[in-house]
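These notes are about the structure you will find just below.
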Amino acid sequence: AVDLDQLHDAAPGAVRGAVRDEITYIDALTEVVQDVDPDDPAAVVAAVNGLTGQRAAAQAASSRLRAYQEAHCGTPSTG
């Protein structure tokens, strides 16, 4: 298992905020999925769809992380 707080702490300063945004979305997603009845697909979808702001922030963070990887790690993103 990956300790996300350790990942955040180890991230370069230039992308630490992006890593935090990704972690915030993962935490929120985990919470809503645990709080709904897994046998009620509509409730699961509604709960996940309620994370619009966190999802948008995570998508923007993903783009920043990809750009950082391409600029500083010498490897093109495959995602």
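The analysis underlying the following values was restricted to heavy atoms, covering all of them including side chains, and did not include hydrogens, waters or symmetry mates.
For the atom pair CG (Leu29) and CD (Gln34), the distance works out to 10.0 Å, reported to the nearest 0.5 Å. One distance of note links CZ of Arg20 with CG of Asp27; it measures 7.5 Å at 0.5 Å rounding.
Looking at every heavy atom in both residues, Val36 comes nearest to Ala43 through CG1-O, 4.0 Å. When all heavy atoms of Ala61 and Ala18 are compared, the pair lying nearest together is CB-O, 3.3 Å.
Linking Ile, Leu, Val, Met, Phe, Trp and Tyr residues whenever their side-chain heavy atoms come within less than 4.5 Å places Leu7 and Val15 in a single cluster. A chain of hydrophobic side-chain contacts below 4.5 Å, direct or via other Ile, Leu, Val, Met, Phe, Trp or Tyr residues, connects Val19 to Leu4.
Considering only heavy atoms from C-beta on, Leu65 stays 4.5 Å or farther from Glu70 through its side chain.
Applying the ring pair (Phe, Tyr, Trp, His ring centres under 6.0 Å) test to residues at least two apart or on different chains, the pairs with a partner in residues 37-71 are Tyr68-His72. Identified under the side-chain hydrogen bond (donor to acceptor under 3.5 Å, both in side chains) test for residues 52-64, with sequence neighbours left out: Asp21-Arg64, Ser62-Arg66.
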